[in-house]
2 protein chains.
Amino acid sequence: MTEPTTRERIVAQADRLFYEHGFENTSFATIADSLGISRGNFYYHFKTKDEILDAVIAARLHSRRQLLDQWDAAGGPAERIRSFIHLLQANQGKILQYGCPVGTLCTELARLDHGLREDANQLMTLFRTWLRRQFTLLGRKADADDLAMHVLAFSQGVAVLAQAYHDKQFVRREVARMDAWLDTVTHTST
Amino acid sequence: MTEPTTRERIVAQADRLFYEHGFENTSFATIADSLGISRGNFYYHFKTKDEILDAVIAARLHSRRQLLDQWDAAGGPAERIRSFIHLLQANQGKILQYGCPVGTLCTELARLDHGLREDANQLMTLFRTWLRRQFTLLGRKADADDLAMHVLAFSQGVAVLAQAYHDKQFVRREVARMDAWLDTVTHTST
DNA sequence: GTCTATACAGCGATAGAC
DNA sequence: GTCTATCGCTGTATAGAC
(Lines give C-alpha, C1' and ligand atoms only; values in the text may rest on other atoms or scores of the structure.)
Protein backbone atom coordinates (compact mmCIF):
# COMPACT_ATOMS: atom_id res chain seq x y z
CA MET A 1 0.00 0.00 0.00
CA THR A 2 1.71 3.23 -1.13
CA GLU A 3 1.27 6.47 0.81
CA PRO A 4 -1.36 8.68 -0.84
CA THR A 5 0.00 11.77 -2.64
CA THR A 6 -1.12 15.24 -1.62
CA ARG A 7 -3.16 15.40 -4.78
CA GLU A 8 -4.95 12.20 -3.89
CA ARG A 9 -5.60 13.44 -0.38
CA ILE A 10 -7.11 16.64 -1.76
CA VAL A 11 -9.40 14.74 -4.11
CA ALA A 12 -10.54 12.33 -1.39
CA GLN A 13 -11.30 15.17 1.01
CA ALA A 14 -13.04 17.27 -1.64
CA ASP A 15 -15.09 14.22 -2.61
CA ARG A 16 -16.28 13.86 0.97
CA LEU A 17 -16.94 17.58 1.54
CA PHE A 18 -18.71 18.10 -1.81
CA TYR A 19 -20.97 15.24 -0.88
CA GLU A 20 -21.68 16.33 2.68
CA HIS A 21 -22.00 20.08 2.18
CA GLY A 22 -22.32 20.57 -1.56
CA PHE A 23 -19.91 21.85 -4.19
CA GLU A 24 -20.72 25.55 -3.94
CA ASN A 25 -20.87 25.49 -0.17
CA THR A 26 -17.38 23.98 0.12
CA SER A 27 -14.53 26.50 -0.12
CA PHE A 28 -10.85 26.04 -0.78
CA ALA A 29 -10.18 27.15 2.78
CA THR A 30 -12.42 24.41 4.16
CA ILE A 31 -10.67 21.69 2.17
CA ALA A 32 -7.18 23.03 2.85
CA ASP A 33 -7.79 23.52 6.57
CA SER A 34 -9.30 20.06 7.02
CA LEU A 35 -6.15 18.60 5.42
CA GLY A 36 -3.74 20.84 7.30
CA ILE A 37 -2.22 22.26 4.13
CA SER A 38 -2.04 25.87 2.96
CA ARG A 39 -4.24 27.44 0.31
CA GLY A 40 -1.15 28.25 -1.72
CA ASN A 41 -0.05 24.65 -1.88
CA PHE A 42 -3.53 23.84 -3.02
CA TYR A 43 -3.15 25.83 -6.20
CA TYR A 44 -0.01 23.96 -7.07
CA HIS A 45 -2.13 20.86 -7.60
CA PHE A 46 -5.31 22.44 -8.98
CA LYS A 47 -5.51 25.71 -10.86
CA THR A 48 -9.24 26.22 -10.39
CA LYS A 49 -12.10 24.88 -8.32
CA ASP A 50 -13.61 23.32 -11.40
CA GLU A 51 -10.45 21.25 -11.85
CA ILE A 52 -11.04 19.73 -8.42
CA LEU A 53 -14.66 19.05 -9.27
CA ASP A 54 -13.52 17.36 -12.45
CA ALA A 55 -11.10 15.17 -10.47
CA VAL A 56 -13.81 14.34 -7.93
CA ILE A 57 -16.24 13.27 -10.64
CA ALA A 58 -13.51 11.12 -12.22
CA ALA A 59 -12.76 9.53 -8.84
CA ARG A 60 -16.44 8.77 -8.26
CA LEU A 61 -16.77 7.27 -11.73
CA HIS A 62 -13.79 5.06 -10.98
CA SER A 63 -15.06 3.85 -7.61
CA ARG A 64 -18.58 3.21 -8.90
CA ARG A 65 -17.20 1.24 -11.84
CA GLN A 66 -15.26 -0.91 -9.42
CA LEU A 67 -18.43 -1.54 -7.43
CA LEU A 68 -20.33 -2.57 -10.56
CA ASP A 69 -17.44 -4.81 -11.60
CA GLN A 70 -17.69 -6.58 -8.27
CA TRP A 71 -21.37 -7.18 -8.76
CA ASP A 72 -20.79 -8.35 -12.30
CA ALA A 73 -18.32 -10.93 -11.04
CA ALA A 74 -20.90 -12.72 -8.90
CA GLY A 75 -24.56 -13.69 -9.28
CA GLY A 76 -27.08 -13.32 -12.07
CA PRO A 77 -28.68 -10.15 -13.45
CA ALA A 78 -31.68 -10.24 -11.07
CA GLU A 79 -29.37 -10.59 -8.09
CA ARG A 80 -27.26 -7.69 -9.36
CA ILE A 81 -30.24 -5.37 -9.73
CA ARG A 82 -31.20 -6.34 -6.21
CA SER A 83 -27.72 -5.33 -5.04
CA PHE A 84 -28.33 -1.90 -6.52
CA ILE A 85 -31.73 -1.57 -4.86
CA HIS A 86 -30.29 -2.63 -1.52
CA LEU A 87 -27.53 -0.04 -1.81
CA LEU A 88 -30.05 2.41 -0.37
CA GLN A 89 -30.06 0.37 2.82
CA ALA A 90 -26.35 -0.42 2.84
CA ASN A 91 -25.54 3.30 2.70
CA GLN A 92 -28.55 4.29 4.75
CA GLY A 93 -26.66 6.30 7.36
CA LYS A 94 -25.03 8.57 4.79
CA ILE A 95 -28.15 8.86 2.67
CA LEU A 96 -30.36 9.92 5.57
CA GLN A 97 -27.88 12.70 6.27
CA TYR A 98 -26.63 13.77 2.86
CA GLY A 99 -28.85 12.19 0.21
CA CYS A 100 -27.59 10.34 -2.84
CA PRO A 101 -24.03 11.32 -3.87
CA VAL A 102 -24.94 11.04 -7.54
CA GLY A 103 -28.38 12.65 -7.48
CA THR A 104 -27.47 15.61 -5.28
CA LEU A 105 -24.44 16.46 -7.44
CA CYS A 106 -26.47 16.29 -10.66
CA THR A 107 -29.19 18.44 -9.11
CA GLU A 108 -26.74 21.04 -7.80
CA LEU A 109 -24.75 21.37 -11.02
CA ALA A 110 -27.95 21.59 -13.07
CA ARG A 111 -29.11 24.42 -10.86
CA LEU A 112 -25.80 26.25 -11.11
CA ASP A 113 -25.90 25.75 -14.87
CA HIS A 114 -22.36 24.47 -14.40
CA GLY A 115 -20.10 23.50 -17.27
CA LEU A 116 -19.33 20.09 -15.74
CA ARG A 117 -23.02 19.23 -15.48
CA GLU A 118 -22.85 16.66 -18.21
CA ASP A 119 -19.82 15.06 -16.58
CA ALA A 120 -21.81 14.60 -13.39
CA ASN A 121 -24.63 13.12 -15.44
CA GLN A 122 -22.15 10.51 -16.65
CA LEU A 123 -22.23 9.13 -13.14
CA MET A 124 -25.97 8.65 -13.36
CA THR A 125 -25.60 7.23 -16.84
CA LEU A 126 -23.04 4.71 -15.60
CA PHE A 127 -25.73 3.13 -13.42
CA ARG A 128 -28.38 3.59 -16.09
CA THR A 129 -26.36 1.71 -18.70
CA TRP A 130 -25.41 -1.00 -16.24
CA LEU A 131 -29.03 -1.50 -15.13
CA ARG A 132 -30.15 -1.56 -18.75
CA ARG A 133 -27.69 -4.36 -19.45
CA GLN A 134 -29.00 -6.40 -16.54
CA PHE A 135 -32.61 -6.06 -17.71
CA THR A 136 -31.54 -7.02 -21.21
CA LEU A 137 -29.92 -10.15 -19.79
CA LEU A 138 -33.25 -10.85 -18.09
CA GLY A 139 -34.87 -10.94 -21.52
CA ARG A 140 -36.45 -7.49 -21.30
CA LYS A 141 -34.57 -6.14 -24.30
CA ALA A 142 -37.48 -4.03 -25.58
CA ASP A 143 -38.01 -1.98 -22.42
CA ALA A 144 -34.64 -2.43 -20.70
CA ASP A 145 -33.88 1.30 -20.62
CA ASP A 146 -37.39 2.09 -19.41
CA LEU A 147 -36.97 -0.35 -16.52
CA ALA A 148 -33.49 0.97 -15.76
CA MET A 149 -34.82 4.52 -15.52
CA HIS A 150 -37.64 3.31 -13.30
CA VAL A 151 -35.16 1.78 -10.85
CA LEU A 152 -33.08 4.96 -10.90
CA ALA A 153 -36.15 7.13 -10.27
CA PHE A 154 -37.08 4.90 -7.36
CA SER A 155 -33.67 5.26 -5.74
CA GLN A 156 -33.54 9.02 -6.29
CA GLY A 157 -37.03 9.58 -4.92
CA VAL A 158 -36.39 7.48 -1.84
CA ALA A 159 -33.08 9.29 -1.23
CA VAL A 160 -34.72 12.73 -1.38
CA LEU A 161 -37.47 11.83 1.09
CA ALA A 162 -35.18 9.79 3.34
CA GLN A 163 -32.98 12.84 3.73
CA ALA A 164 -35.89 15.22 4.34
CA TYR A 165 -37.55 13.05 6.98
CA HIS A 166 -34.58 11.01 8.30
CA ASP A 167 -36.85 8.00 8.12
CA LYS A 168 -35.24 4.54 8.16
CA GLN A 169 -38.55 2.70 8.23
CA PHE A 170 -39.60 4.43 5.04
CA VAL A 171 -36.43 3.29 3.28
CA ARG A 172 -37.00 -0.26 4.45
CA ARG A 173 -40.60 -0.29 3.20
CA GLU A 174 -39.73 1.18 -0.18
CA VAL A 175 -36.85 -1.24 -0.70
CA ALA A 176 -39.20 -4.12 0.11
CA ARG A 177 -41.75 -2.73 -2.33
CA MET A 178 -39.09 -2.49 -5.01
CA ASP A 179 -37.95 -6.04 -4.31
CA ALA A 180 -41.51 -7.23 -4.89
CA TRP A 181 -41.70 -5.20 -8.09
CA LEU A 182 -38.48 -6.76 -9.34
CA ASP A 183 -39.99 -10.21 -8.76
CA THR A 184 -42.90 -9.38 -11.06
CA VAL A 185 -40.47 -8.17 -13.73
CA THR A 186 -38.25 -11.23 -13.38
CA HIS A 187 -41.10 -13.69 -13.62
CA THR A 188 -42.83 -12.06 -16.56
CA SER A 189 -41.94 -12.70 -20.17
CA THR A 190 -42.13 -9.90 -22.69
CA MET B 1 -57.03 43.81 -8.50
CA THR B 2 -54.77 45.93 -6.29
CA GLU B 3 -51.26 46.87 -7.37
CA PRO B 4 -48.68 44.58 -5.71
CA THR B 5 -46.61 46.22 -2.98
CA THR B 6 -42.82 46.34 -3.23
CA ARG B 7 -42.65 43.68 -0.56
CA GLU B 8 -44.90 41.40 -2.57
CA ARG B 9 -42.85 42.01 -5.69
CA ILE B 10 -39.68 41.08 -3.82
CA VAL B 11 -41.18 37.86 -2.50
CA ALA B 12 -42.53 36.87 -5.93
CA GLN B 13 -39.18 37.50 -7.61
CA ALA B 14 -37.20 35.76 -4.86
CA ASP B 15 -39.57 32.81 -5.12
CA ARG B 16 -38.84 32.53 -8.82
CA LEU B 17 -35.07 33.02 -8.51
CA PHE B 18 -34.69 30.67 -5.53
CA TYR B 19 -36.46 28.03 -7.58
CA GLU B 20 -34.54 28.58 -10.79
CA HIS B 21 -31.05 29.13 -9.41
CA GLY B 22 -31.22 28.01 -5.79
CA PHE B 23 -31.29 29.94 -2.53
CA GLU B 24 -27.54 30.21 -1.96
CA ASN B 25 -26.82 31.02 -5.58
CA THR B 26 -29.27 33.94 -5.60
CA SER B 27 -27.83 37.16 -4.18
CA PHE B 28 -29.56 40.33 -2.99
CA ALA B 29 -28.02 42.10 -5.94
CA THR B 30 -29.61 39.67 -8.38
CA ILE B 31 -33.07 40.07 -6.89
CA ALA B 32 -32.78 43.84 -6.55
CA ASP B 33 -31.41 44.35 -10.06
CA SER B 34 -34.07 42.14 -11.65
CA LEU B 35 -36.74 44.28 -9.94
CA GLY B 36 -35.07 47.60 -10.72
CA ILE B 37 -34.84 48.61 -7.06
CA SER B 38 -31.77 49.45 -4.98
CA ARG B 39 -30.11 47.15 -2.50
CA GLY B 40 -30.72 49.70 0.24
CA ASN B 41 -34.45 49.74 -0.32
CA PHE B 42 -34.34 46.00 -0.10
CA TYR B 43 -33.24 46.09 3.50
CA TYR B 44 -36.14 48.31 4.42
CA HIS B 45 -38.46 45.38 3.70
CA PHE B 46 -36.26 42.48 4.85
CA LYS B 47 -33.53 42.70 7.45
CA THR B 48 -31.80 39.44 6.49
CA LYS B 49 -31.73 36.96 3.64
CA ASP B 50 -33.31 34.35 5.87
CA GLU B 51 -36.32 36.63 6.33
CA ILE B 52 -36.87 36.56 2.58
CA LEU B 53 -36.53 32.78 2.53
CA ASP B 54 -39.07 32.60 5.32
CA ALA B 55 -41.48 34.76 3.32
CA VAL B 56 -40.91 32.68 0.19
CA ILE B 57 -41.68 29.45 2.03
CA ALA B 58 -44.83 31.01 3.48
CA ALA B 59 -45.88 32.14 0.01
CA ARG B 60 -45.32 28.68 -1.42
CA LEU B 61 -47.28 27.10 1.41
CA HIS B 62 -50.13 29.49 0.69
CA SER B 63 -50.20 28.84 -3.05
CA ARG B 64 -49.96 25.06 -2.65
CA ARG B 65 -52.78 25.09 -0.11
CA GLN B 66 -54.92 26.94 -2.61
CA LEU B 67 -54.14 24.33 -5.24
CA LEU B 68 -55.09 21.49 -2.90
CA ASP B 69 -58.28 23.34 -1.94
CA GLN B 70 -59.23 23.48 -5.60
CA TRP B 71 -58.70 19.76 -5.98
CA ASP B 72 -60.67 19.10 -2.82
CA ALA B 73 -63.61 21.05 -4.20
CA ALA B 74 -64.08 18.73 -7.17
CA GLY B 75 -63.89 14.96 -7.74
CA GLY B 76 -63.28 12.01 -5.46
CA PRO B 77 -60.08 11.00 -3.66
CA ALA B 78 -58.78 8.80 -6.49
CA GLU B 79 -59.26 11.60 -8.97
CA ARG B 80 -57.47 14.00 -6.62
CA ILE B 81 -54.43 11.75 -6.24
CA ARG B 82 -54.37 11.50 -10.00
CA SER B 83 -54.30 15.31 -10.20
CA PHE B 84 -51.19 15.25 -8.03
CA ILE B 85 -49.51 12.60 -10.16
CA HIS B 86 -50.31 14.53 -13.33
CA LEU B 87 -48.82 17.69 -11.87
CA LEU B 88 -45.47 16.36 -13.09
CA GLN B 89 -46.75 16.64 -16.64
CA ALA B 90 -48.66 19.88 -16.15
CA ASN B 91 -45.48 21.59 -14.90
CA GLN B 92 -43.22 19.58 -17.19
CA GLY B 93 -41.47 22.53 -18.77
CA LYS B 94 -40.34 23.98 -15.44
CA ILE B 95 -39.50 20.60 -13.95
CA LEU B 96 -37.26 19.58 -16.84
CA GLN B 97 -35.32 22.79 -16.33
CA TYR B 98 -35.36 23.35 -12.58
CA GLY B 99 -36.63 20.20 -10.89
CA CYS B 100 -39.35 20.09 -8.24
CA PRO B 101 -39.72 23.41 -6.34
CA VAL B 102 -40.40 21.55 -3.11
CA GLY B 103 -37.82 18.79 -3.38
CA THR B 104 -34.94 20.97 -4.54
CA LEU B 105 -35.50 23.45 -1.72
CA CYS B 106 -35.64 20.71 0.93
CA THR B 107 -32.48 19.13 -0.50
CA GLU B 108 -30.59 22.42 -0.61
CA LEU B 109 -31.52 23.54 2.90
CA ALA B 110 -30.71 20.09 4.30
CA ARG B 111 -27.29 20.31 2.73
CA LEU B 112 -26.68 23.81 4.06
CA ASP B 113 -27.86 22.64 7.47
CA HIS B 114 -30.06 25.72 7.35
CA GLY B 115 -32.22 26.83 10.23
CA LEU B 116 -35.32 27.03 8.05
CA ARG B 117 -34.91 23.45 6.90
CA GLU B 118 -37.88 22.24 8.85
CA ASP B 119 -40.02 25.05 7.46
CA ALA B 120 -39.20 23.89 3.94
CA ASN B 121 -40.08 20.35 4.96
CA GLN B 122 -43.52 21.67 5.92
CA LEU B 123 -44.10 22.13 2.21
CA MET B 124 -43.41 18.47 1.60
CA THR B 125 -45.52 17.54 4.60
CA LEU B 126 -48.41 19.60 3.26
CA PHE B 127 -48.65 17.23 0.28
CA ARG B 128 -47.90 14.20 2.43
CA THR B 129 -50.77 14.93 4.80
CA TRP B 130 -53.12 15.73 1.95
CA LEU B 131 -52.24 12.52 0.09
CA ARG B 132 -52.63 10.53 3.29
CA ARG B 133 -56.14 11.92 3.70
CA GLN B 134 -57.07 10.89 0.18
CA PHE B 135 -55.84 7.32 0.69
CA THR B 136 -57.74 7.16 3.97
CA LEU B 137 -60.88 8.21 2.12
CA LEU B 138 -60.17 5.36 -0.30
CA GLY B 139 -60.42 2.95 2.64
CA ARG B 140 -56.65 2.45 3.03
CA LYS B 141 -56.56 3.79 6.56
CA ALA B 142 -53.90 1.31 7.78
CA ASP B 143 -51.23 2.16 5.19
CA ALA B 144 -52.38 5.60 4.09
CA ASP B 145 -49.14 7.30 5.10
CA ASP B 146 -47.07 4.58 3.49
CA LEU B 147 -48.93 5.07 0.22
CA ALA B 148 -48.65 8.84 0.50
CA MET B 149 -44.88 8.59 0.92
CA HIS B 150 -44.70 6.23 -2.03
CA VAL B 151 -46.44 8.75 -4.28
CA LEU B 152 -44.15 11.52 -3.02
CA ALA B 153 -41.05 9.40 -3.64
CA PHE B 154 -42.28 8.69 -7.14
CA SER B 155 -42.71 12.38 -7.94
CA GLN B 156 -39.35 13.34 -6.43
CA GLY B 157 -37.48 10.59 -8.25
CA VAL B 158 -39.04 11.43 -11.59
CA ALA B 159 -38.28 15.13 -11.06
CA VAL B 160 -34.58 14.47 -10.36
CA LEU B 161 -34.10 12.31 -13.45
CA ALA B 162 -36.30 14.47 -15.67
CA GLN B 163 -34.07 17.43 -14.85
CA ALA B 164 -30.84 15.50 -15.36
CA TYR B 165 -31.84 14.08 -18.75
CA HIS B 166 -34.39 16.65 -19.95
CA ASP B 167 -36.52 13.69 -20.97
CA LYS B 168 -40.24 14.29 -21.60
CA GLN B 169 -40.92 10.76 -22.76
CA PHE B 170 -39.57 9.40 -19.50
CA VAL B 171 -41.95 11.61 -17.51
CA ARG B 172 -44.87 10.45 -19.65
CA ARG B 173 -44.00 6.78 -19.15
CA GLU B 174 -43.56 7.09 -15.40
CA VAL B 175 -46.80 9.00 -15.00
CA ALA B 176 -48.59 6.27 -16.94
CA ARG B 177 -46.97 3.63 -14.76
CA MET B 178 -48.08 5.47 -11.64
CA ASP B 179 -51.61 5.78 -13.00
CA ALA B 180 -51.71 2.01 -13.43
CA TRP B 181 -50.38 1.54 -9.91
CA LEU B 182 -53.07 3.81 -8.53
CA ASP B 183 -55.70 1.65 -10.25
CA THR B 184 -54.47 -1.42 -8.39
CA VAL B 185 -54.60 0.48 -5.09
CA THR B 186 -58.07 1.82 -5.79
CA HIS B 187 -59.51 -1.54 -6.74
CA THR B 188 -57.98 -3.47 -3.86
CA SER B 189 -59.56 -3.76 -0.44
CA THR B 190 -57.38 -3.77 2.66
C1' DG C 1 6.25 20.99 -3.21
C1' DT C 2 5.00 23.82 0.31
C1' DC C 3 4.62 28.10 2.43
C1' DT C 4 3.12 33.42 3.38
C1' DA C 5 1.23 37.40 1.63
C1' DT C 6 -1.86 39.58 -1.09
C1' DA C 7 -4.96 41.09 -5.01
C1' DC C 8 -9.64 41.53 -6.28
C1' DA C 9 -14.53 40.51 -6.72
C1' DG C 10 -18.84 39.52 -4.61
C1' DC C 11 -21.48 38.73 -0.64
C1' DG C 12 -24.71 40.19 3.32
C1' DA C 13 -25.56 44.06 5.96
C1' DT C 14 -25.53 49.17 7.82
C1' DA C 15 -25.74 54.42 7.87
C1' DG C 16 -27.65 58.25 6.56
C1' DA C 17 -29.43 61.68 2.89
C1' DC C 18 -33.64 62.62 0.36
C1' DG D 1 -40.23 54.34 1.17
C1' DT D 2 -36.35 54.78 -1.73
C1' DC D 3 -31.84 56.06 -2.68
C1' DT D 4 -26.25 56.24 -2.53
C1' DA D 5 -22.25 55.09 -0.19
C1' DT D 6 -19.69 52.12 2.36
C1' DC D 7 -18.18 48.55 5.74
C1' DG D 8 -16.43 43.89 6.88
C1' DC D 9 -16.07 39.37 5.53
C1' DT D 10 -15.28 35.47 2.56
C1' DG D 11 -14.43 33.61 -1.84
C1' DT D 12 -11.30 32.40 -5.80
C1' DA D 13 -6.99 33.10 -7.55
C1' DT D 14 -1.97 34.86 -8.01
C1' DA D 15 3.05 36.10 -6.80
C1' DG D 16 6.96 35.00 -4.98
C1' DA D 17 10.02 33.33 -0.96
C1' DC D 18 11.77 28.99 0.88
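Naming convention: chains lettered A, B, ... in sequence-line order (proteins, then strands); numbering from 1 in each chain.
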Contacts of type side-chain hydrogen bond (donor to acceptor under 3.5 Å, both in side chains), residue [X], not counting sequence neighbours:
| X | answer |
| --- | --- |
| Gln134(A) | Arg80(A) |
| Thr125(A) | Tyr165(B) |
| Thr30(B) | Ser27(B) |
| His21(B) | none |

Side chain to side chain donor-acceptor pair (under 3.5 Å): pairs with one or both residues in [range], sequence neighbours excluded:
| range | value |
| --- | --- |
| residues 169-178 of chain A | Gln169(A)-Arg172(A), Arg173(A)-Asp146(B), Glu174(A)-Arg177(A), Glu174(A)-His150(B), Arg177(A)-Asp146(B), Arg177(A)-His150(B) |
| residues 53-68 of chain A | Asp15(A)-Arg60(A) |
| residues 87-108 of chain A | Glu20(A)-Lys94(A), Thr104(A)-Arg111(B), Glu108(A)-Arg111(B) |

How about Tyr43(A) and Phe28(A): are their ring centres within less than 6.0 Å of each other? yes
Between [atom2] of [N] and [atom1] of [X], the distance in whole Å:
| X | N | atom1 | atom2 | answer |
| --- | --- | --- | --- | --- |
| Tyr44(B) | dA15(C) | OH | C1' | 16 Å |
| Asp50(B) | dA13(C) | CG | C1' | 13 Å |
| Asn41(B) | dT14(C) | CG | C1' | 15 Å |

Please identify each residue that fulfils salt bridge (charged side-chain N to carboxylate O under 4.0 Å, His left out) with Asp167(B), with sequence neighbours left out. none
For Ala120(B), the side chain to side chain contact (heavy atoms under 4.5 Å, CB included) test, sequence neighbours excluded, returns Ile57(B), Leu105(B), Cys106(B), Leu109(B)
Please list residues of residues 12-40 of chain A whose heavy atoms come under 4.0 Å from any atom in DNA chain D, ordered by number; otherwise none. Thr26(A), Ser27(A), Phe28(A)
Quick one: bend of the helix from dG1(C)-dC18(D) to dC18(C)-dG1(D) from 5 pairs per end, to 10°? 10°
Hey, where on DNA chain D does chain B first and last touch, going 5' to 3'? Cut-off is any atom under 4.0 Å from a heavy atom. dG1(D) to dT4(D)
